[in-house]
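These numbers were taken from a predicted model, which means no experiment stands behind them. Note: hydrogens, waters and symmetry copies are ignored here, and every other heavy atom, side chains too, is used.
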Amino acid sequence: MPQVADILIPLALDTAYSYAVPTGLTLKDGDVVQIPLGPRETIGVVWGVEDRASGGNLRPVSGAIEVAPLSEPLRRLVDWLARYTLAPKGSALAMALRLPDENARTEIVRIGVRSAGKPASRPTKAREKVLAVAADGEVRGKSALAKEAGVSLSVVDGLIDDGALETIALVPEPVALPPDPDFPRQMPLSEAQAEAAAKLIAAFDTVSPFPQMQGEDRDDLAVGAVSSKGEAEDRPQDEAHPRTFPHDPLLPGSAPNGGGAALSSQAGRGDSHEVPRAILLEGVTGSGKTEVYFEAVAECVRRGRQALVLMPEIALTAQFLDRFAARFGVRPATWHSGIGGRRRERLRAGVAAGEVSVVVGARSALFLPFTDLGLIVVDEEHESAYKQEDGVHYHARDMAVVRGRLEGCPVVLASATPSIESRVNTQRGRYGHIVLPERFGGRRLPDITAIDMRLDKPERGRFLSPPMVAAVKKAVADGEQALLFLNRRGYAPLTLCSACGHRYQCRNCSTWLVEHRFRRALVCHHCGYTERKPEACVECGTFDHLTPCGPGVERIAEEAAELFPDKRIIVLSSDFPGGTERLRQELEAVAAGECDIVIGTQLVAKGHNFPYLTLVGVLDADIGLTSGDPRAAERTFQLLQQVTGRAGRGERPGRALVQTYQPDHPVIAALLSGEAERFYEEEIHAREAAGLPPFGRLAALIVSAAQREVAEAHGQAMARVADPPPGIMVLGPAEAPLALVRGRYRFRLLVKTDRGIDIQSYLRDWLARSPKPRGNTKVTIDVDPQSFL
DNA sequence: AATATAAAATGA
DNA sequence: CATTTTATATTA
């Protein structure tokens, strides 16, 4: 019987294409094959094979490619991802299968050298130094040998020509050395840590393994799928998303025991005996969460299975890798966007072969071809960096929960400041919850005190209030480190001419230009537009009347330098002069105590630990509280809790001072009292009272109008949704100003649907049926289905 | 994504 | 009307 294979191609195609399987070729699901597509050849993955006559008009599969096939859980993850994010299946596949890089194919053989045992014909001082180093007979890289001997490369080359050194092809170093789960640890776990670790380890035996997953479970893998009414929201409907593949247990309607009708949204929900989909590991800053989940990683390795630790890219620091090495004896294999070429391919191959047991990586590591995944840890689970906002829109934390269920392995979400989603999920019993309420080693959390800026005013033109100045003065006098936190890059967020009142604005974005004094430029933080800072006002021509309004970190540095002239001050922000490598070095230097006062943006709140830091001064806690973002309060609270938590993690106790104009604001009050729980309760209630779900499946609908004149003719550049289509709830704003972004007017609003429909095509159809706007306006819709509220 | 085809703009 | 640029459709 001839065979037909359904091949999914890693392109923006939503359906698999059928190809004839040539006689003599055996294919099974997941195999990677080469296929003709139009006039060219590409690769694809077998998504299904059927015994049937091809009908004669199908093109044949060209051949199989000798790489590890995609495992069933990974294929199901692709299906799930595509459906959940409304992305074409092929695009989802492209996350897990990248076309083989031609550069990576050609193996680069590194040449090593070692002593040939005979002396140099004409010995020189430099040559002797090299031979002395090489005398041990070890093989070294050429440059490594030259560096060790303190000579230049040409000396080594000369000795090779001379015959005193012999060359040897280096075996490529392994992508990762095996971590040792029983490596002697330097610091014993605290009682609380040991207890938490034991709970995590117990989870290895309670997760439901993959083959048993069935019934309502299948549909209910969803992670962010709870509305205010607590009903499932993301149950896709068959008619909106016709099934293409013969057997896909994740899709409703294909269950052996009755299909879609049995998929009650109530079934299985809220059952306390149900196995949790993930475990939230919540530990205050300094509680040693990492050490706790390292124990789960160790247990996973002991069981011979693979572990994946996801981190936001910025948190993948040398500091973290060293902590890993202190526990496991070696640094882990790492995966992030910067890893390319051969290294990337070899790591993939190592993971697929099961040789690499632990991978620490950024969100894209989620799609690595693990053969036997036994644990996923999502560190800093609240981080918004887990959201991919271009291409396929997905949230890596949530997809980690999905992959964990598909692989039948525990998923640990770790954070000091968990997201609202995870809190709600723990409240509802969907996620387990382990709490570490106290710091490791008996250290205390920093005392947080507010400075009411209405009472303690800074001097004119200054931004540090007297109590803040006094606290910094005392800390540095005692030889301690102080951090002044202000989440604003540059010198001043707004520049105006005091002669004519002209405000410098971005020509693309309707935002104010931020002065960067070091660079002598005005910069738009929205689109990156930069112009030289003018000598005279561009509007009225007056000299010396450009006035900076408000502070940025550069301006604070200026003030601090005047107040503390003999102290070492450093400014750390993402636009650090000298690039990321220099920035990394500076962060290390600060951690080593080579600095007295750090002035930083949110960059310093994440990833790095500063053991000498005892004082954190938040210069403006109110930033971000008034923005239109519905998550503003949550984000601000998390950021402030993270940054104040930097203090006092070393020997000496820490404290934090918070400058604010609204000490009674719920966010500030919660921060001061340390009552995070209550804050989140209130936040969740507030959202429900406002008719918003605590979170849900949302789409941001972006309407772009092509022409400025037309947009402005339409009622003062305001756009509105007069009549949303049924099934779509507009969360707001119903009417909003058009923002000019890269030459196009855009209008962004949040919509929500509780139906399993394809939001994008649904809205397109609705738009096509709506009355057309006058003039030459082109309206397009772009949907971002992963913008969780 | 790569390629084919259609449509629009350019130019003598 | 041929040539070049740009937008849109197709790939099994």
Query - A:F576: partners by ring-ring contact (aromatic ring centres under 6.0 Å, His included), with sequence neighbours left out - result: none

Query raised in the report: Taking only residues two or more places apart in sequence, or in another chain, which ones meet A:S62 in a side chain to side chain donor-acceptor pair (under 3.5 Å)?
Result: A:E41

Query raised in the report: Residues two or more places apart in sequence or in another chain: which of them pass ring-ring contact (aromatic ring centres under 6.0 Å, His included) with A:Y19?
Result: none

**Report entry** Residue pairs fulfilling salt bridge (charged side-chain N to carboxylate O under 4.0 Å, His left out) with at least one residue in residues 367-382 of chain A, sequence neighbours excluded
**Finding:** A:R305-A:D372, A:E381-A:R397

N/O to N/O distances under 3.5 Å, protein versus nucleotides 10-12 of chain C:
from: C:dT11; atom 1: O3'; to: A:G38; atom 2: N; distance (Å): 3.2
from: C:dA12; atom 1: OP1; to: A:G38; atom 2: N; distance (Å): 3.3
from: C:dA12; atom 1: OP1; to: A:R59; atom 2: NH1; distance (Å): 2.3
from: C:dA12; atom 1: O3'; to: A:S18; atom 2: O; distance (Å): 2.8
from: C:dA12; atom 1: O3'; to: A:R59; atom 2: N; distance (Å): 3.4

Can you check nucleotides 5-7 of chain B for protein contacts, nitrogen or oxygen pairs under 3.5 Å, and list what you find?
none

Report summary line: With both pairing distances under 3.5 angstrom for Watson-Crick or G-U wobble, and | for a partner in another strand, the correct string for DNA chain B is |||||||||||.

Report summary line: Taken in chain and number order and not counting sequence neighbours, the residues that satisfy ring-ring contact (aromatic ring centres under 6.0 Å, His included) with A:Y504 are A:H502

Query raised in the report: side chain to side chain donor-acceptor pair (under 3.5 Å) with A:S71: which residues, sequence neighbours excluded?
Result: none

Report task. Nearest whole angstrom, please: distance from the P of B:dT3 to the CD1 of A:I9. Result -> 15 Å

Report task. Applying side chain to side chain contact (heavy atoms under 4.5 Å, CB included), name anything that partners A:N57, two or more places apart in sequence or on another chain. Result -> none

**Report entry** Heavy-atom pair of closest approach, residues A:P312 and A:A385
**Finding:** CB-CB, 4.1 Å

Report summary line: The side chain to side chain contact (heavy atoms under 4.5 Å, CB included) partners of A:T530 (sequence neighbours excluded) come to A:R519, A:A521, A:V523

Query raised in the report: Atom NZ of A:K89 to atom C1' of B:dA1: distance rounded to whole Å?
Result: 20 Å

Report summary line: Contacts of A:D31 meeting salt bridge (Lys or Arg N to Asp or Glu O under 4.0 Å) (sequence neighbours excluded), chain-then-number -> A:K28

